[in-house]
Amino acid sequence: MPTLLWFRRDLRLNDLPPLLEAAADGTEVLACFVLDPRLETSSGPRRLQFLGDSLRTLADSLDGRLLITRGRPEERIPLLCKQINATDVHISADFTPFGVRRDAAVAAALADSGVTLQATGSPYLVTPGRVTKDDGTPYKVFTPFLARWRDVGWRGPAASATAKVNWIDPADLSAKLRVDAPDPGADLDLDAGEAAALAGWKEFVGSHLADYDEDRNRPDKAATSRMSAHLKFGTIHPRTMAADLDFRAKGPASYLRELAFRDFYAAVLDQWPDSAWWNWNRNFDAIEVDTGPEATKAFEAWKEGRTGFPIVDAGMRQLRDSGFMHNRVRMIVASFLVKDLHLPWQWGAQWFLEQLVDGDMANNQHGWQWCAGSGTDAAPYFRVFNPTTQGQKFDPDGEYIRRWVPELAGPELAGVDVHRLKDGPPPGYPEPIVDHAAERVEALRRYGQIG
DNA sequence: ATAAATTTGAA
DNA sequence: TCAAATTTA
């Protein structure tokens with residue numbers, strides 16, 4: 001009874017125990033990844049590169065016995081089932097609204113075929129929906145969620161891949177079904193694949209975890225784990241990471257809290273799928289946002305890192321030039337878009353999702369809603385980040401700015417001076433596009449109007 | 001009740 | 001050919 005294993009993302013093989021542990025010896029399994037053509041047009045090149053690289057390493061780990069195919073999953077999967085006479089389809093679980101819709105479409109397409117379909121391999125420590133209050137309702141605030149989340153707990157990582165199944169060689173299938181993993185030729189500052197993820201994690205644990213609580217907000221330091229893209233594409237499992245954390249110490253406890261945030265936002269999206277693109281708090285629908293030609297111009301300056309605010313521009317250029325941005329800087333540039341430029345948070349969220357290699361629907365959208373004040377557990381609306389003092393505080397020597405904004409890397413702007421261009425902008429660097437003090441007042445006025 | 005890209009389908 | 005519907009992040 002052959003099985004079709006559909007990787008919606010590159011989950012670790014040893015995190016697929018439902019299949020690998022329950023399968024009878026010698027079960028024939030075809031591992032496949034269905035590449036939706038539109039995925040290739042709506043993702044930035046670095047995102048696509050990381051996906052392609054991840055797929056190639058997954059294929060390597062399966063000795064090439066991974067079928068990469070193209071088309072709509074609800075069309076491809078039934079076709080593949082016929083090709084190999086599959087009786088079961090296992091899908092790597094996905095809790096995004098898109099994933100849920102896709103599962104339904106595939107299930108509908110398989111309805112009359114007698115093929116069973118099941119989701120497997122939750123990419124979270126605690127699967128969305130499992131952390132609830134005593135009355136069964138979902139948490140809307142992170143801190144109480146965190147306490148209950150710890151109590152629910154999770155199992156350890158699977159010991160090893162029990163590869164007693166026979167992987168079907170895709171070379172035996174029609175050549176028409178096979179395509180290459182995307183390879184747009186983009187430069188990445190992070191290696192894809194399970195081995196690279198694990199090596200990076202061990203390096204972080206050994207060298208930076210102890211200082212994580214203190215240094216995690218410092219974009220000038222290599223103080224964070226850089227696991228976000230690996231978590232997004234499943235090349236590492238949070239269970240593997242959590243097993244290395246001694247929660248009694250400050251650094252590990254602080255890191256675990258971030259993993260809990262990831263689970264929290266996944267649970268929020270699962271509970272309220274519309275919060276991906278609409279205000280979770282619908283009171284915010286009434287807020288006044290700018291959308292005209294002037295707004296488009298400001299949005300372009302923000303995207304290109306030409307706002308005249310050094311920390312904002314450094315972050316936006318890091319994003320565009322590397323596909324990553326330090327989390328503290330994400331908050332600063334988001335606050336700037338929402339509260340200084342008065343643009344809809346969705347504009348920023350979309351740009352992030354497209355450009356970030358780690359762009360994840362739940363984390364990204366709710367992170368933006370947090371900044372906009374419209375989300376669960378949102379930042380108080382009156383908290384308007386001052387981009388200059390944020391920069392001074394978290395990049396005290398200006399090293400981060402000099403790394404990403406070459407116009408500000410000259411010797412005349414030593415150390416912290418790079419945050420306040422008191423002699424005006426150097427050649428090639430723009431004047432500030434807004435007056436922060438004035439826009440802060442304007443933002444408070446708009447927020448005040450919706451009560 | 002998003003914005004952008006794409007497909008569908010009515011003229 | 002163009003507007004409407006669908007799909008996607």
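Every chain is numbered from 1, with letters handed out A, B, ... down the list of sequences. No hydrogens, no waters, no symmetry mates; every other heavy atom, side chains included, goes into these values.
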Exercise. Under 4.0 Å: is that the gap between some side-chain N or O of A:Arg72 and OP1 or OP2 of B:dT7?
Worked result: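 So the side chain of A:Arg72 is outside the cut-off, no N or O lying under 4.0 Å from OP1 or OP2 of B:dT7.
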Between atom [atom1] in [X] and atom [atom2] in [N], what is the gap in whole Å?
| X | N | atom1 | atom2 | value |
| --- | --- | --- | --- | --- |
| A:Met361 | B:dA3 | CE | C1' | 12 Å |
| A:Trp368 | B:dA3 | CH2 | C1' | 15 Å |
| A:Asp103 | C:dT7 | CG | C1' | 16 Å |
| A:Asn279 | B:dA3 | CG | P | 12 Å |
| A:Phe299 | B:dA3 | CZ | P | 11 Å |
| A:Leu337 | B:dA3 | CG | C1' | 14 Å |
| A:Gln365 | C:dT8 | CD | C1' | 12 Å |
| A:Glu74 | C:dT8 | CD | C1' | 12 Å |

Exercise. Is the gap between the ring centers of A:Phe385 and A:Phe336 under 6.0 Å?
Worked result: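 Here the rings of A:Phe336 and A:Phe385 have centres that are no less than 6.0 Å from each other.
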Please determine, for the side chain of [X], which listed nucleotide ([options]) has the closest atom?
| X | options | answer |
| --- | --- | --- |
| A:Arg102 | C:dT7, B:dT2, C:dA9 | C:dT7 |
| A:Asp285 | C:dA9, B:dA1, B:dT7 | B:dA1 |
| A:Trp347 | B:dA3, C:dA9, B:dA1 | B:dA3 |

Exercise. Any donor-acceptor pair under 3.5 Å joining the side chain of A:Trp277 to the base of B:dA1?
Worked result: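 No such pair is found, so the answer is no.
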Problem set entry | Interatomic distance, A:Glu354 atom CD to A:Leu319 atom CG [nearest 0.5 angstrom] |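 A:Glu354 atom CD to A:Leu319 atom CG measures 10.0 Å (nearest 0.5 Å).
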Exercise. Should the ring pair A:Phe204 and A:Tyr255 be called parallel, tilted or perpendicular, given that the plane angle runs from 0 to 90° and is split at 30 and 60?
Worked result: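 Tilted: the ring planes of A:Phe204 and A:Tyr255 meet at 30° to 60°.
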For this session: Measure from NZ or CZ of A:Arg8 to the centre of the six-membered ring of A:Trp6, then state whether that distance is under 6.0 Å and the direction lies within 45° of the axis.
Result: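 Output yes; distance and angle both within limits.
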